[in-house]
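Here's the structure we're looking at; comments come further down.
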Amino acid sequence: MIQVIEKQTGTAFKLKKGQKLKVIDPQGEQVSDMVLFNAEDPREKISSGKTLDFEESILITKGDFLWSNRSRKMMEILEDTNGRNDFLLAPCSPETFQIMYNNHEYHPSCFENLHTSLAKFGIEPDDVPTAFNIFMNVQFDQNGKLSVDPPLSKAGDYVLFEAKMDLFVALTACSAEDSNNGSFKPIHYQILD
Ligand SMILES: [Zn+2]
């Protein structure tokens, strides 16, 4: 069954070892931030640093694993029809919109959507790590200058993950204008046994 994450919202759920998670961009050009926690001990969580180190790449895609802060495999990427994801930038937060967008009004954010979704598992805002940013198109030049460009994902693109341990997973439909080419769209996902 396809589950829908409405635009600018998020969700969290359990995923058992061996189950697969398919994250779909139904309309194209929409980022989804994902964080992972060991369901047995949520102090173990997804680590950008460990993943980039062990996979020897800053572009994580099909064939790569997502690793934890305890250097264990949390997920394997089985398929990736778009092939561009980001694992450098933190989830957009209220401060992102103040600092990067000079917006001091309330603005929905991945950070808020992640930690409010994860509260039912006892996970607190300060526990939220750098997310694996599915479909996010962060480019960098030879000097290391970063730019957040429109996603390259087309309608129907997806990434298929397999859980390597029992997990709490949180997923969003990202709320940052620059990350999603100026419009907010839903994300779909499916849990497969
Ligand atoms: Zn976001």
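Each ligand, and each atom within it, is numbered from 1 in the order the structure gives. Keep in mind that this is a model prediction, so the values were computed, not measured.
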Does the cation-pi check pass for K7 over F184, that is, NZ or CZ under 6.0 Å from the six-membered ring centre and within 45° of its axis?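 No, a cation-pi geometry is absent between K7 and F184.
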
Classify the angle between the aromatic ring planes of Y101 and F97 as parallel (below 30°), tilted (30 to 60°) or perpendicular (above 60°).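 Tilted, since the angle between the ring planes falls between 30° and 60°.
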
Evaluate side-chain hydrogen bond (donor to acceptor under 3.5 Å, both in side chains) for T96 paired with S93, printing each intermediate quantity in order. CA-CA 5 Å; T96 305; S93 66; 3.2 Å; yes

Identified side-chain hydrogen bond (donor to acceptor under 3.5 Å, both in side chains) partner of N85 from the options N137, D80, T61, N133: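 With N85 as partner, N137, D80, T61, N133 yield a single side-chain hydrogen bond (donor to acceptor under 3.5 Å, both in side chains), made by D80.
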
For the pair D41 and R70, evaluate salt bridge (charged side-chain N to carboxylate O under 4.0 Å, His left out) and give the outcome as yes or no after the intermediate values. CA-CA 11 Å; D41 180 359; R70 295 181 185 162; 3.1 Å; yes

Which residue in the set F121, Y189, F168 passes ring-ring contact (aromatic ring centres under 6.0 Å, His included) when paired with F13?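 One option only clears the test, and that one is Y189.
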
Distance filter under 2.8 Å, centred on the Zn ion (ligand 1) - protein N, O or S atoms that pass it: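 Short answer, with waters excluded from the count: C92 SG, C110 SG, C174 SG.
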
